[in-house]
Protein chains: 2
Amino acid sequence: MIKIEPPRLRAASDVPGGRRKQRVSMADVARLAGVSSQTVSRVANGSPGVVETTREQVLAAMSELGYRPNSAARSLRYGRFNTIGVILFGLASTGNSRTVEAIATHAAAEGYAITLIPVGAPTQDNVMGAFTRMGELAVDGVVLIIEVHLLDASAVAIPPGVHVVVVDSDAGDRYPVVDTDQADGARQAVRHLLELGHRTVRHVAGPVESFAAERRAGAWRQILEEAGRPVAPPERGDWSADSGYHAGLRLAADPDCTAIFAANDQMALGVLRALHERGRRVPADVSVVGFDDIADAGSYLPPLTTVHQDFAEVGRRCVDALLGQIHDEPAGPGTDLVPTRLVIRGSTAPPSGVSG
Amino acid sequence: MIKIEPPRLRAASDVPGGRRKQRVSMADVARLAGVSSQTVSRVANGSPGVVETTREQVLAAMSELGYRPNSAARSLRYGRFNTIGVILFGLASTGNSRTVEAIATHAAAEGYAITLIPVGAPTQDNVMGAFTRMGELAVDGVVLIIEVHLLDASAVAIPPGVHVVVVDSDAGDRYPVVDTDQADGARQAVRHLLELGHRTVRHVAGPVESFAAERRAGAWRQILEEAGRPVAPPERGDWSADSGYHAGLRLAADPDCTAIFAANDQMALGVLRALHERGRRVPADVSVVGFDDIADAGSYLPPLTTVHQDFAEVGRRCVDALLGQIHDEPAGPGTDLVPTRLVIRGSTAPPSGVSG
DNA sequence: GGCAGTCATGTTTACGTAAACATGACGTCC
DNA sequence: GGACGTCATGTTTACGTAAACATGACTGCC
């Protein structure tokens with residue numbers, strides 16, 4: 001017993017300036033409270049078997065030192081991170097950010113945090129890289145928000161043992177998928193226009209590589225064909241209002257065009273602008289339906305009839321499915337479709353010359 | 001020594017079906033490769049001093065077992081998480097989601113992941129709760145995206161030792177703050193309208209509790225007062241297009257109103273709709289300026305003149321500031337302003353009766 | 001040919017936590 | 001009154017990793 005180290009407190013006040021260590025461990029708290037670190041652990045976790053006076057001493061020591069549990073150690077101990085990873089290409093689209101928000105909110109309610117892994121461009125390398133990082137990341141499972149054809153390529157292998165739920169894809173034969181019922185939404189939109197008396201419906205489609213665009217266009221075509229109506233090739237956009245504008249200019253040039261189904265609201269906005277510039281009145285001359293029901297759609301000129309997507313529900317189901325995988329039995333592949341509903345506003349009406 | 005447990009390999013192949021443990025540690029790899037776990041560590045981290053043949057054996061063992069490093073153990077070892085937390089009230093607003101995306105992208109480039117902590121309502125309890133969770137969370141620092149008056153309340157204390165950068169607030173006297181130069185943007189907008197010849201400018205303000213709304217309104221008032229123009233009380237909105245619509249209806253009723261500065265683009269959209277419904281032409285009768293320059297603003301009817309915010313730059317500076325704190329010296333309080341610029345489109349023109 | 005130096009690799013330890021097990025004080029029951 | 005149960009608390013250990021230190025084989029030099 002030569003030298004006794006001073007109890008080396010490591011509260012912030014201990015280190016004069018700059019790089020305060022600030023790491024206070026259970027051992028530090030235990031020392032100050034005069035108990036063992038196991039007792040501190042028991043207090044921290046609310047385990048039974050700690051007498052009230054001891055508990056209070058420990059709590060006092062905790063707050064004096066500013067103790068906060070080290071989640072790395074905790075995760076190491078438990079083998080769980082209580083964190084969900086989300087891989088996506090960007091938050092720019094309303095759908096993605098709304099879905100992510102719902103995932104984050106719902107996950108938080110279940111005690112999980114979410115980690116965002118943005119991948120720059122939808123190349124295989126990038127997605128693979130994201131998965132590699134995910135593997136190293138402190139994550140119990142992954143939600144993959146991929147809206148482009150990519151998972152088809154067998155080269156993109158999700159590491160085995162990684163729990164995953166895919167959004168907005170057709171990988172339902174290989175992974176659990178949660179998706180909006182795109183096809184049904186598109187069907188509602190097209191049927192609505194046909195029921196108003198329009199002879200046929202033109203389509204402003206999203207980009208070819210998008211799953212959602214593909215399914216919306218497919219349903220549009222199907223309904224027209226079932227009804228025996230002419231099917232003009234769809235105009236192709238890239239989801240942006242600007243691309244919708246250019247598609248709208250082309251459609252405005254066709255005097256036979258009386259009804260347009262745009263694959264999202266932003267392109268519909270561009271279509272409205274093009275029609276307006278060309279002097280075609282909406283809905284008197286041309287009816288327009290969008291898809292998404294973004295917050296602004298009700299304020300367009302005129303307010304847009306559109307297909308409402310329940311992004312919050314998509315996010316919620318993702319979390320539920322993923323937590324199910326993490327906690328219970330492994331989930332098989334399959335697609336969970338969230339229903340849509342048509343919101344009728346002022347941009348649709350019977351074609352001119354048709355009453356009621 | 002009665003019973004000896006079998007050595008319990010835990011490779012995926014070990015567990016028949018269902019709940020595979022799948023935790024493969026360096027020790028497992030080492031065993032298979034016939035080396036020590038330290039050598040595996042060296043290979044995993046690319047440390048020098050491993051002969052090529054050994055390295056290959058280890059790599060082979062790694063891929064056979066599907067080894068992925070355990071980041072909890074790594075974080076525990078290093079005392080760092082390589083993760084940034086982002087506390088926010090929601091991703092619904094364009095600004096927030098764009099900022100978060102920029103933060104995520106830039107952080108990823110620096111080897112950091114981001115963890116999202118949504119707080120439901122902007123109450124002190126919720127923010128405190130988020131910080132408590134943050135403390136327990138695997139995070140090296142925090143970006144606080146708070147756009148409402150809250151940090152004013154001294155009750156909200158950021159735990160000492162937590163690195164933090166605040167966005168969109170006036171807490172610049174206590175914390176490092178990164179913000180868009182709201183005031184200058186608003187000044188540009190109002191000056192633009194005055195220079196076109198408008199006698200004065202009406203304002204559709206954001207909610208009272210918003211910092212950004214406060215600053216935009218303040219600058220609007222300041223410019224008018226400096227120019228000696230009449231200052232009518234601002235209409236009050238809540239950022240939504242709908243609230244802008246109602247404000248627009250009130251303004252449309254005033255024949256003297258020829259120029260409107262809306263505190264964001266969505267409210268401007270609502271104003272455009274209200275003016276259109278009331279038969280006031282834009283920009284012939286009334287000029288409208290927005291704020292944000294969201295993607296759709298160029299497709300409004302008419303295309304909206306607005307103040308462009310560089311959200312990506314805000315996100316980038318947040319990450320830089322935070323990583324600076326984490327790696328180098330602690331940063332003092334202060335506000336870092338990201339400039340804005342006015343984007344002139346079709347919604348502004350000289351008032352009727354004034355030429356050029 | 002022996003000895004120091006170099007280099008690949010192995011062993012020990014610590015990071016912070018919490019389960020599992022150990023201890024010891026006290027009360028109770030026959 | 002002594003054996004035993006109960007209960008608060010302490011001690012040991014393992015989670016997976018990597019720095020620090022240890023070992024031992026081989027090289028080169030005098």
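Convention: sequence-line order gives letters A, B, ...; per-chain numbering from 1. In what follows, every heavy atom counts, from backbone to side chain, and hydrogens, waters and symmetry copies are set aside.
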Can you name the side chain to side chain donor-acceptor pair (under 3.5 Å) partners of A/S47, sequence neighbours left out?
none
Separation of D/dC15 P from B/R68 CZ (nearest whole Å)
18 Å
Tell me, please, which residues at least two apart from A/S41 pass side-chain contact (heavy atoms from CB on, under 4.5 Å).
A/M26, A/Q38
So A/L323 and A/I84, do their side chains get closer than 4.5 Å, heavy atoms only?
yes
Take atom CZ of B/R80 and atom P of C/dG16, then tell me their distance rounded to the nearest Å.
15 Å
Enter the inter-axis angle for the ends of the helix from C/dG1-D/dC30 to C/dC30-D/dG1 (five pairs per end, rounded to 10°).
60°
Taking only heavy atoms on the protein side, list every residue of residues 51-63 of chain A lying under 4.0 Å from any atom of DNA chain D, sorted numerically.
A/V51, A/T54
Give a yes or no answer on whether the side chain of B/S37 reaches the backbone of B/A30 with a donor-acceptor pair at less than 3.5 Å.
no
Just to verify, what does A/A27 make a side-chain contact (heavy atoms from CB on, under 4.5 Å) with, not counting sequence neighbours?
A/S25, A/R31
With respect to the phosphate group of C/dA8, does any side-chain polar atom (N or O) of B/T39 fall under 4.0 Å of OP1 or OP2?
no
Atom CZ of A/F81 and atom P of D/dG16 are separated, to the nearest Å, by 11 Å
If you look only at pairs with a residue in residues 316-325 of chain B, which of them pass as a salt bridge (Lys or Arg N to Asp or Glu O under 4.0 Å), with sequence neighbours excluded?
B/E313-B/R316, B/E313-B/R317, B/R316-B/D320, B/R317-B/D336
Classify every nucleotide of nucleotides 18-23 of chain C by which part a protein heavy atom approaches to under 4.0 Å, writing B for the base, S for the sugar-phosphate alone and - for neither, in 5'-to-3' order.
BBB---
By side chain to side chain donor-acceptor pair (under 3.5 Å), which residues pair with B/T39, not counting sequence neighbours?
B/S36
Mind checking what makes side chain to side chain donor-acceptor pair (under 3.5 Å) contact with A/N96, not counting sequence neighbours?
none
Can you sort out the partners of A/T83 under side-chain contact (heavy atoms from CB on, under 4.5 Å), two or more places apart, ordered by chain and number?
A/F81, A/A113, A/T115, A/V139
With B/R55, which residues qualify under side-chain contact (heavy atoms from CB on, under 4.5 Å), at least two apart?
B/V43, B/V50, B/E52, B/L59
